[in-house]
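Only one structure is covered here, and it is reproduced in the block below.
We use all heavy atoms of the structure for the numbers below, so side chains are in, but hydrogens, waters and symmetry mates are not.
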Amino acid sequence: MKASYLFYILVTAVLFFSCDGKQTNENAEFNFKSENYSENNNQQQKSISNRLKPHKIMSPQFGMPFGIIPIPQSWNKKDQNPENILFESANGVKVYNEQYISFRYYNDPQKNQFAQQNGSKVQPLKPLERLINEDFIPNLKKKGITLVKQYPLPQLAQSDKRIDSYMFKATPENKQYQCMVTEWKDDKGNLSIGIIRYFVTQYTSIGGIDWGYTINTMEAPQNVYHKAKQDVIYALVNLQINPQWVKTNNEYYSKMSERSNAGHRARMAAIEATGRAIRQNAKAYSDMADSSHESWKRRSAMSDRGHAATIDGIWERRNMTDESGNIYKIDGYDNNVWINGNNEYIGDDNPNHNPNINTDTNSQNWERLQNLNKSDD
């Protein structure tokens with residue numbers, strides 16, 4: 001099995017870019033001249049530029065080009081295939097779809113648990129050198145593939161950081177990039193390259209980090225490998241982003257963030273508006289809360305293992321969610337739980353009870369919560 005295909009197997013991830021199946025030059029005009037890849041002198045760049053064609057990378061989300069990259073005339077786009085090949089040439093060059101994997105990590109174990117329950121991969125930060133030494137080298141060595149050499153490619157890291165700077169940020173963050181080129185040889189002498197584009201994102205206001213990498217891989221026969229390696233690096237460094245895609249992307253996520261913020265402001269306004277009513281009904285609510293707590297204490301002794309996925313074993317609380325996706329830790333095992341705008345909740349096992357129509361509580365707006373791992377109670 002070829003080395004680059006093993007990268008595809010090794011990196012259990014999703015595709016970072018989706019490319020359309022047509023070879024088209026529509027709106028694909030750009031300057032091939034590289035200001036980044038220093039290995040090429042001017043004569044080499046002119047030689048490369050003369051044998052290139054633009055390839056459009058489509059954004060399925062917005063139905064428009066994300067950007068364009070310069071690729072050799074000899075590279076042909078492949079349809080979907082089991083080996084995940086993106087481009088292939090008649091002389092044996094195979095370029096694979098890039099793979100992306102990311103992890104989330106907090107210093108707070110409870111936040112890590114929440115992130116994992118919401119589908120994130122949770123793993124402490126691993127620096128790039130350790131990632132290569134502990135993950136890539138041992139796993140590929142088992143397949144008869146050894147590392148020939150590695151070297152940084154800061155030009156590509158700078159390009160990734162520049163592109164990221166165009167993007168809308170809903171939360172303040174500090175994002176850093178590194179890029180390492182790794183070259184490999186299998187036991188049959190086949191050569192391949194894995195370009196690891198590593199990132200770490202620190203969220204300065206909410207805490208926690210995201211980290212991970214994108215990997216671009218290519219394999220080629222020895223007699224064409226060096227030129228194919230230059231072509232791959234040149235294409236990645238000279239990716240040009242469609243400004244219209246940036247505008248559409250940023251408007252979309254800005255509006256999404258604004259809707260989320262508007263929902264938060266509405267909830268805060270509701271808290272303020274109902275403050276007086278809450279105080280007026282404090283006695284009635286206190287009685288209900290006491291009753292609910294007593295009910296919880298009776299049932300807490302009868303918990304079973306069937307709740308293990310949603311019960312916090314230390315605090316005897318469940319993770320529940322509202323329609324907006326906000327997560328709450330709720331005491332006990334009530335099947336019917338409602339929360340108001342002040343994050344106060346009441347619960348019981350009566351499926352017909354609705355505090356919005358109860359005269360003791362209907363001065364407030366109540367929303368029914370659902371178990372995080374269930375679509376319905």
Side-chain angles (χ1 to χ4, degrees), residues 12-14 100-127 130-131 134-135 169-176 199-213 256-257 260-261 263-265 267-268 270-271 289 292-349 366-377:
T12 306
V14 297
Y100 172 83
I101 190 166
S102 67
F103 305 93
R104 177 158 293 186
Y105 191 74
Y106 300 91
N107 290 326
D108 184 342
Q110 286 188 333
K111 289 184 177 180
N112 286 330
Q113 182 183 0
F114 292 155
Q116 204 161 27
Q117 289 173 341
N118 287 328
S120 296
K121 294 181 177 67
V122 175
Q123 184 172 311
L125 177 66
K126 185 177 288 190
R130 275 187 56 202
L131 180 71
E134 295 179 7
D135 293 1
K169 313 291 184 188
T171 302
E173 64 180 46
N174 178 20
K175 193 164 189 175
Q176 300 299 322
F199 70 88
V200 178
T201 305
Q202 295 178 308
Y203 297 103
T204 54
S205 62
I206 62 176
I209 63 169
D210 283 329
W211 70 276
Y213 56 91
M256 182 179 291
S257 176
S260 176
N261 291 337
H264 175 71
R265 289 195 297 269
R267 287 191 293 272
M268 296 303 293
I271 292 171
S292 176
H293 185 65
E294 289 300 319
S295 178
W296 166 73
K297 286 193 294 184
R298 288 194 300 272
R299 287 189 296 277
S300 65
M302 299 184 292
S303 62
D304 57 56
R305 295 184 180 179
H307 292 87
T310 52
I311 300 295
D312 183 322
I314 297 175
W315 301 101
E316 295 185 327
R317 294 174 178 173
R318 279 177 299 172
N319 298 322
M320 303 190 78
T321 181
D322 60 19
E323 292 181 357
S324 300
N326 300 308
I327 298 174
Y328 305 89
K329 297 186 75 67
I330 303 298
D331 292 334
Y333 307 95
D334 296 310
N335 292 322
N336 190 37
V337 180
W338 298 78
I339 194 165
N340 65 12
N342 201 29
N343 287 339
E344 297 168 322
Y345 63 88
I346 57 176
D348 55 36
D349 283 330
W366 297 86
E367 180 179 352
R368 192 179 184 214
L369 300 180
Q370 293 184 344
N371 287 340
L372 185 61
N373 293 340
K374 294 183 180 180
S375 58
D376 202 355
D377 289 334

- Task: Check F199 against Y100 and note the closest heavy-atom contact, atom names and distance.
- Result: CZ-OH, 3.5 Å

- Item | Check: F103 and V122 side chains under 4.5 Å, non-hydrogen atoms | no

- Does the side chain of D210 pick up a donor-acceptor pair with the side chain of Y105 at under 3.5 Å? no

- Task: Please step through side-chain contact (heavy atoms from CB on, under 4.5 Å) for the pair K126 and D135, ending with a clear verdict.
- Result: CA-CA 10 Å; K126 185 177 288 190; D135 293 1; 3.2 Å; yes

- Reference residue Q113; test side-chain contact (heavy atoms from CB on, under 4.5 Å); the match among K111, Q116, Q117: Q117

- Message: Walk me through whether Q176 and N174 qualify under side-chain hydrogen bond (donor to acceptor under 3.5 Å, both in side chains).
- Response: CA-CA 7 Å; Q176 300 299 322; N174 178 20; 2.9 Å; yes

- Message: Please find the pair of heavy atoms, one from N336 and one from R368, that lie closest to each other, and give the distance.
- Response: OD1-NE, 3.0 Å

- Message: With a 3.5 Å distance limit and no angle check, can you tell me whether N112 reaches the backbone of Y106 through a side-chain donor-acceptor pair?
- Response: yes

- Item | R104 to S120 - nearest heavy-atom pair and separation | CB-CB, 4.3 Å

- Message: Contact between T201 and I209 at the side-chain level, heavy atoms closer than 4.5 Å - yes or no?
- Response: no

- Query: Between K175 and V200, is any pair of side-chain heavy atoms under 4.5 Å apart?
  - Reply: no

- Task: Looking only at non-hydrogen atoms, find the nearest pair between P124 and W211 and report the distance.
- Result: O-CZ2, 3.2 Å

- Item | Test item: E367 and E323 side chains (from C-beta on) under 4.5 Å apart, heavy atoms | yes

